[in-house]
Amino acid sequence: MIAEVIVDVSAYPIDRPFDYLVPASITAVIEVGSRVKVPFGPRKVLGYIIGLKEESELDRSKLKPIDELIDLEPVISTELLNLSKWLATHTLAYEIDALQVMLPAAMRAKYEKVIVVDELEQIEDEAFKRFLAGRKRIPLKEAEASGLLTTVKDYVKQGIITVDTAIRQQTAVKKVRMIQIADKETLETLLASIQQNAKKQMELMNWMIEHAGETISAKQLMEQSGIQAAILKAVIEKGAATEELAEVYREPELPQLKDTAIPVRLTEEQAVALARITDSFDKRKPETFLLHGITGSGKTEVYLRAIKHVLDQGKEAIVLVPEISLTPQMTARFKERFGPLVAVMHSGLSSGEKFDEWRKIQRGEVKVVVGARSAIFAPFENIGLIILDEEHESTYKQEDTPRYHARDVAIKRSEYYNCPVILGSATPSLESYARASKGVYSLLTLSKRAKDQELPAVTVVDMREELRNGNRSMFSLPLADAVRIRLEKGEQTVLFLNKRGFSSFVLCRDCGTVVECPNCDISLTYHRANERLKCHYCGHEERVPLQCPQCESEHIRFFGTGTQKAQEEIAKLFPEARVIRMDVDTTRQKGAHERLLRQFSEGQADILLGTQMIAKGLDFPNITLVGVLAADTTLHLADFRAAEKTFQLMTQVSGRAGRHDLAGEVFIQTYTPEHYAIELSKAQHYEPFYQLEMAARRQYGYPPYFYVTLVQFTHEDLLKVADYAEKGTRFLKEHLSQHTVIIGPTASAISRVNNRYRYQCLIKYKKEPKLTETLQQLIKIYRTDWIKSGLIMTVDVEPASIF
DNA sequence: AGCACGCCGACT
DNA sequence: GTCGGCGTGCTC
């Protein structure tokens with residue numbers, strides 16, 4: 001038998017199957033989708049079996065045998081295998097990358113070189129003998145650390161030892177010591193025979209008698225009995241208990257949140273939406289629904305009931321949320337409703353925890369997965385429903401290879417399983433809404449809030465006016481007053497600061513110089529905590545200068561408003577207010593996010609101040625005021641989605657206020673109050689916004705009227721990058737059809753990152769059958785030729801942004 | 001991507 | 001003479 005294997009090497013000439021002989025010993029168990037260890041050139045690598053056959057085009061003598069079968073059961077189903085193939089073609093990625101992205105990181109191979117000593121007797125070098133200490137397989141690293149590399153080399157040359165590659169899985173199954181306590185009689189006999197001075201052992205025995213016959217983990221036993229490990233060991237040796245290692249799942253800690261009551265009745269709109277979805281499911285149609293529901297309209301309840309329906313029919317469901325750790329409340333609701341049938345996958349889990357959740361899915365122990373983007377590859381084999389909540393979120397697009405969009409993968413999988421997909425959002429992406437308008441997706445609308453609450457009253461504050469009136473702080477008078485009222489009433493406020501482009505930077509007030517990163521064309525961000533300037537793109541760090549590097553003036557100081565600055569202003573304006581700040585700095589620690597949110601939900605603070613991360617999912621009854629400190633920062637990004645992003649953000653943020661009994665109020669501070677994205681977000685007027693934005697997109701030829709693909713070139717040398725960008729663009733122009741618009745080459749919006757200059761070329765097309773083929777040709781030229789000069793070229797089909 | 005092979009300069 | 005620099009080419 002011969003196996004076709006995709007090997008774990010991301011390189012252009014390797015991106016195809018290689019044939020291997022299947023040793024007779026494993027022919028009975030080998031399956032497509034299992035991983036193997038194979039010799040590849042002079043080393044060993046991990047590979048995925050994508051096919052089995054009897055004959056190879058190559059001569060059998062050229063084939064090497066598989067070294068080892070790693071999985072007895074396939075880790076990739078045939079459905080996912082085909083999907084990976086599609087993914088690789090569609091996103092122009094290597095097949096190996098498309099395969100790896102489907103598995104938890106813990107299953108990716110880690111390679112380690114190992115010294116193998118066959119005949120210990122042949123070793124004469126004394127120092128090396130001592131180092132080996134009788135061992136036959138030792139990591140090469142250890143020899144290196146002991147300075148024995150030359151000795152190893154000599155022995156390898158003499159053929160006495162060899163160097164092999166060991167493939168190590170990052171995390172394996174977690175095991176726990178389980179103690180089975182003996183029966184009462186045995187224990188009592190033992191107790192009688194124990195030495196009188198072994199007080200502790202007697203104590204433990206007595207405890208065990210009370211728990212005779214039970215099985216308990218060693219850790220729990222020690223906690224409950226208050227006995228040390230050494231004592232336990234002694235007692236086990238005497239025969240009072242037996243122990244064995246048992247597989248366990250790491251139980252990720254779930255935040256304790258207040259129970260959200262299950263509403264007895266659905267609103268009419270909810271009921272209609274649910275019926276449409278379950279009907280589609282019953283008819284086994286791969287139908288994609290766009291569930292457009294304003295904030296607070298109860299989309300989640302529709303999801304939950306649709307899932308219930310699917311589970312009752314013995315099928316499985318995948319639920320994607322933008323970044324699950326951001327919405328602990330959402331997770332909690334799923335756990336409440338479906339209990340142990342739910343697996344949770346999010347970035348806050350350790351790689352071991354993710355692996356465990358993955359295994360639960362694969363073994364069919366759970367029926368629902370709630371997770372971030374990569375959960376779309378959950379190894380279910382009987383999917384009945386796929387949900388993307390907040391479908392407009394750009395986090396569904398992976399930023400590095402394979403650059404896939406979870407929405408596309410979801411639809412692809414639904415076609416295989418003949419099941420519905422729900423795309424849910426209060427502010428759908430223009431692409432999705434346009435498709436729904438054209439009937440490609442089925443539109444479901446929830447236009448009323450579930451509990452019949454009013455939408456919050458939104459006030460747009462013109463900050464130019466404030467400035468004219470002499471208010472130079474970041475709080476307008478109306479917002480400051482509103483905060484003060486909340487403090488008096490004991491209600492809570494959420495203050496939102498648009499992070500991007502709004503961090504503090506250092507500016508010379510004499511010559512206007514802004515301190516920039518020496519490696520990137522971007523201003524450095526001021527960090528108060530350690531009085532340093534940092535680059536968010538390359539990580540460069542330096543001290544805050546005391547003099548302007550340009551004019552040597554001493555009037556150089558930080559400017560602008562990060563969350564730290566905002567916190568200081570709050571402290572000045574409202575000294576009595578208790579503030580929780582949530583940004584990258586305060587949430588870096590594991591679990592910090594949940595902790596801060598819990599504190600806020602328990603009323604331990606009056607004001608929650610944060611960035612992007614607080615825009616979603618927050619749902620606390622006592623929040624009656626939301627303030628957006630500067631709405632226009634996302635508006636001026638050099639991206640065709642800038643207005644859409646702003647509208648979405650404003651709507652999401654406003655939706656945080658007054659979701660329960662108390663009425664909500666929202667203040668949006670801006671320097672461009674007349675912009676339609678801001679104006680229309682006030683009353684969540686999605687439809688008019690959609691119309692206006694579509695007109696703009698049509699005029700400039702952007703999605704959804706055109707598809708966009710971005711080709712980016714980076715190089716240390718400005719002249720070279722311009723040159724290659726020109727060559728690449730010319731190639732595309734020559735090979736793509738006449739109707740396709742090619743813009744560029746142009747310098748990217750951030751023209752230098754990490755000392756590399758960036759150029760790009762934008763391809764806009766309605767229908768371009770030759771696109772994939774042409775891009776593949778371009779990539780081939782790049783891989784075989786241009787790459788040698790130090791150029792890096794990337795292709796992003798339908799990018800999330802075009803910086 | 002790694003890794004070996006191979007062909008040139010620098011140093012014991 | 002040998003060590004080691006990295007250009008070139010291959011991996012079933």
Side-chain angles (χ1 to χ4, degrees), chain A residues 1-27 30-70 81 85 88 92-101 105 108-116 139-141 143-144 147-159 161-168 170 400-402 714 716 779-795:
Chain A
M1 202 194 298
I2 286 156
E4 291 180 278
V5 176
I6 297 283
V7 294
D8 176 24
V9 177
S10 299
Y12 182 71
I14 314 301
D15 185 33
R16 60 190 177 82
F18 284 80
D19 288 353
Y20 284 88
L21 297 169
V22 179
S25 57
I26 57 170
T27 44
I30 199 161
E31 276 185 78
V32 168
S34 290
R35 294 172 302 161
V36 284
K37 182 177 163 189
V38 290
F40 194 69
R43 63 210 158 109
K44 306 258 171 66
V45 293
L46 185 110
Y48 294 80
I49 298 179
I50 62 153
L52 291 167
K53 55 189 183 183
E54 290 307 322
E55 289 305 321
S56 170
E57 278 154 43
L58 270 86
D59 194 88
R60 275 188 106 84
S61 63
K62 291 224 172 191
L63 304 186
K64 292 182 188 171
I66 289 171
D67 212 55
E68 189 190 327
L69 177 66
I70 296 176
L81 203 60
K85 184 96 192 161
L92 296 136
Y94 296 134
E95 258 186 81
I96 185 67
D97 291 335
L99 283 165
Q100 306 257 41
V101 79
R108 255 161 252 176
K110 279 272 192 300
Y111 299 97
E112 191 179 45
K113 289 197 175 170
V114 183
I115 305 165
V116 184
L140 188 65
K141 263 205 210 117
E144 201 178 344
L148 290 164
L149 226 48
T150 12
T151 323
V152 170
K153 235 176 159 182
D154 283 349
Y155 278 118
V156 170
K157 232 180 218 170
Q158 292 172 49
I161 63 174
T162 48
V163 175
D164 191 24
T165 324
I167 295 176
R168 201 156 45 83
Q170 234 174 45
D400 42 44
T401 50
T714 78
E716 285 180 3
I779 289 170
K780 186 175 181 184
I781 299 169
Y782 156 67
R783 291 279 175 193
T784 50
D785 203 7
W786 300 352
I787 199 169
K788 288 181 206 132
S789 77
L791 178 82
I792 295 176
M793 186 185 90
T794 54
V795 176

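When reading the values below, keep in mind they use all heavy atoms of this one structure, side chains included, and skip hydrogens, waters and symmetry mates. Proteins get letters first, then strands, A, B, ... in listed order; numbering begins at 1 in each.
- Taking 4.0 angstrom as the limit, R43(A) places none of its side-chain polar atoms (N or O) nearer than this to OP1 or OP2 of dC3(B).
- Listed for the D15(A) side chain is no donor-acceptor partner under 3.5 Å among the backbone atoms of S10(A).
- A 4.5 Å side-chain heavy-atom check between F40(A) and I14(A) finds at least one atom pair inside the cut-off.
- Looking only at distances, no side-chain donor or acceptor of Y94(A) sits under 3.5 Å from a matching main-chain atom of V9(A).
- Remark: the backbone N or O of T784(A) is paired with a side-chain donor or acceptor of K788(A) at under 3.5 angstrom.
- Here chain A contacts DNA chain C (any atom closer than 4.0 Å to a heavy atom, that is under 4.0 Å), and the contacts span dT11(C) to dC12(C) from 5' to 3'.
- Residue-level contact check: R16(A) touches the bases, meaning some heavy atom is under 4.0 Å from a base atom.
- Side chain of K44(A) to main chain of I167(A): no donor-acceptor pair is present (N/O by atom type, distance under 3.5 Å, no hydrogens or angles).
- Between the CZ atom of F40(A) and the P atom of dA4(B) there is a distance of 14 Å, rounded to whole Å.
- Here K788(A) lies out of heavy-atom contact (under 4.0 Å) with every strand.
- In this structure, K53(A) places its NZ atom where more than 12 heavy-atom neighbours from other residues, nucleotides or ligands lie under 6.0 Å away.
- When heavy atoms are screened at a 4.0 angstrom cut-off, P39(A) is found touching the sugar-phosphate backbone but no base atom.
- Separating the CD1 atom of I167(A) from the C1' atom of dG2(B) is a distance of 14 Å, rounded to the nearest angstrom.
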